[in-house]
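The structure appears below as structure tokens.
Source: prediction; values computed, not measured. Both counts, for ligands and for their atoms, begin at 1 and track the order of listing.
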Amino acid sequence: MSQKIPATVITGFLGAGKTTMIRNLLTNAGGKRIALIINEFGDLGVDGDVLKGCGAENCSEDDIIELTNGCICCTVADDFIPTMTKLLEREQRPDHIVIETSGLALPQPLVAAFNWPDIRTQVTVDGVITVVDSAAVAAGRFADDHDAVEAARSEDESLDHESPIEELFEDQLTCADLIVLNKTDLIDVAGLGRVRDEVASRTQRKPVMIEARNGEVPAGILLGLGIGTENDLANRKSHHELEHEDGTPHDHDEFDSFVVELGPIVDVASFVGRLKTIIAAHDVLRLKGFVDVSGKPMRLQLQAVGSRIDHYFDRAWATGERRATRLVVIGLHEMDEDAVRSAIEALA
Ligand SMILES: Nc1nc2c(ncn2[C@@H]2O[C@H](COP(=O)(O)OP(=O)(O)OP(=O)(O)O)[C@@H](O)[C@H]2O)c(=O)[nH]1
């Protein structure tokens, strides 16, 4: 058997900049032939669309595989393993495999899948890279609901959880071989120092931390870590694994997502402004998708992380393509879906 193919797992909370970093990686990976497995929370396939659109020669559309049946950590046996097996049966095998997890995925069960007999002999985890939204950390987004959690706990003593966001953030850090503190353009040097300290305090392990803006990290740093992470899972247990040593499966019941479809938008600035208000009023964690702007031949891509919204025309609507405004909304389970849906629908 030839050498094992290295696989890099890229994880990080919703909107941290995983897709942006991978897009950048594909354009500077030299001659390496990369296969990409991407998984996102929500039914719109935005990440796949963005990455397929980047036209990198070393990663054709065929090399980009989307896993859409839920978070990759929950569908390992039914989805991930068969996908890997098929990929490894290809005549032209990739030099490197990159896996983007959904922003809500636990990396641990995914890494454990690399110990499955059929996979273990052929692939090894080169490293787990966790992307962090430094601005979100600085704003306290991973630590801000202590009071609410304590209140819930005092009402129900059986609650053994920290806030689900905080717990997931820590699980993703604890599994990391390399942490990328991204979005450094949005905070100052002192703020970045505090973010480093906060991130370091969230894991017992001491992974290397580097800084980045727009996910711009040389491929030589991201690929070739050579860790073999699947052999070191005992040191990276998630909160769930520590609390349920009996193997009770985890779930993502704390989070919900839905797609809203609406008609064409006439005034983008006003649309974005009102969307910001809705996001803030309902604590929407992530919103992304495409907008049909009246009279424009181009499609508008819209990306909201908390109430920060980026938007730009990414490509022309194709001939025969149905023009529509479609947005995926992700929030905590208690988010009022009907209220958010009708508020957004009223914007068209
Ligand atoms: N200002 C700033 N924005 C960034 C940076 N990196 C990414 N973004 C923006 O953040 C938004 C989310 O980036 P993505 O790359 O889609 O994040 P993601 O982690 O793939 O998101 P999910 O797959 O939904 O979890 C986009 O609007 C990006 O343009 C950065 O370094 N600085």
Side-chain angles (χ1 to χ4, degrees), residues 8-27 36-54 64 66-68 70-73 98-107 110 128-139 141-142 165 168-169 171-173 176 179-188 191-192 195 210-217 222 252 255-259 272 275-276 279 284-291 300-314 326-331:
T8 297
V9 174
I10 299 189
T11 187
F13 193 66
L14 295 166
K18 300 176 290 296
T19 309
T20 309
M21 190 174 85
I22 292 171
R23 199 183 162 139
N24 182 66
L25 169 68
L26 294 181
T27 60
L36 201 54
I37 298 178
I38 47 183
N39 168 239
E40 70 184 303
F41 195 76
D43 299 331
L44 211 51
V46 178
D47 296 359
D49 202 309
V50 169
L51 289 165
K52 283 178 185 161
C54 83
I64 302 181
E66 292 175 80
L67 300 184
T68 51
C71 270
I72 199 165
C73 49
V98 172
I99 303 161
E100 177 185 359
T101 75
S102 90
L104 298 178
L106 290 179
L110 172 63
V128 174
I129 302 177
T130 302
V131 185
V132 170
D133 180 340
S134 305
V137 175
R141 283 231 342 252
F142 299 101
I165 295 178
L168 189 58
F169 178 61
D171 289 340
Q172 293 175 339
L173 292 175
I179 294 176
V180 177
L181 300 177
N182 192 36
K183 304 199 186 181
T184 55
D185 55 311
L186 299 179
I187 51 172
D188 61 18
L192 189 55
V195 169
I210 58 170
E211 294 162 15
R213 53 180 65 190
N214 290 318
E216 285 169 10
V217 183
L222 298 178
H252 301 274
F255 299 93
D256 264 339
S257 85
F258 57 93
V259 174
V272 168
L275 208 49
K276 248 182 212 176
I279 288 172
V284 171
L285 294 171
R286 182 86 166 99
L287 184 153
K288 58 182 170 177
F290 304 104
V291 180
L300 188 82
Q301 189 184 134
L302 187 137
Q303 295 272 356
V305 182
S307 54
R308 264 195 73 81
I309 301 186
D310 292 335
H311 55 87
Y312 61 97
F313 288 103
D314 69 344
R326 302 188 77 214
L327 301 168
V328 61
V329 181
I330 306 174

Within the 4.0 Å heavy-atom cut-off, what Asp47 brings close to ligand 1 is side chain
Ignoring hydrogens, just give me the one of Asp133, Val180, Thr11, Asp185 whose non-hydrogen atom is nearest atom 2 (C) of ligand 1. Asp185
Lys18 vs Asp47, salt bridge (charged side-chain N to carboxylate O under 4.0 Å, His left out): CA-CA, chis, key distance, verdict: CA-CA 9 Å; Lys18 300 176 290 296; Asp47 296 359; over 6 Å; no
For ligand 1, does Thr20 get within less than 4.0 Å through its side chain, its backbone, both, or neither, judged by non-hydrogen atoms? both
Heavy-atom proximity to atom 10 (O) of ligand 1, best of Lys183, Arg23, Gln303: Lys183
If the threshold is 4.0 Å, N to carboxylate O, is there a salt bridge linking Glu66 and Lys52? yes
Using residues 130-137 as the side-chain source, report each donor-acceptor pair under 3.5 Å to any protein atom, sequence neighbours left out, with the distance given to one decimal.
unit_1, atom_1, unit_2, atom_2, d
Thr130, OG1, Gln172, O, 2.8
Asp133, OD1, Ala135, N, 3.1
Asp133, OD1, Ala136, N, 3.0
Asp133, OD2, Lys183, NZ, 3.2
Ser134, OG, Asn182, O, 2.6

Min heavy-atom dist Gly15 to ligand 1 below 4.0 Å: yes
In the protein, what heavy atom is nearest to atom 3 (N) of ligand 1, and what distance, to one decimal place, separates them? Asn214 OD1, 4.0 Å
Record the part of Leu186 in heavy-atom contact with ligand 1 below 4.0 Å; permitted values are side chain, backbone, both and neither. side chain
For ligand 1, does Met21 get within less than 4.0 Å through its side chain, its backbone, both, or neither, judged by non-hydrogen atoms? neither
Which is it for Glu40 and ligand 1 at heavy atoms under 4.0 Å: side chain, backbone, both or neither? neither
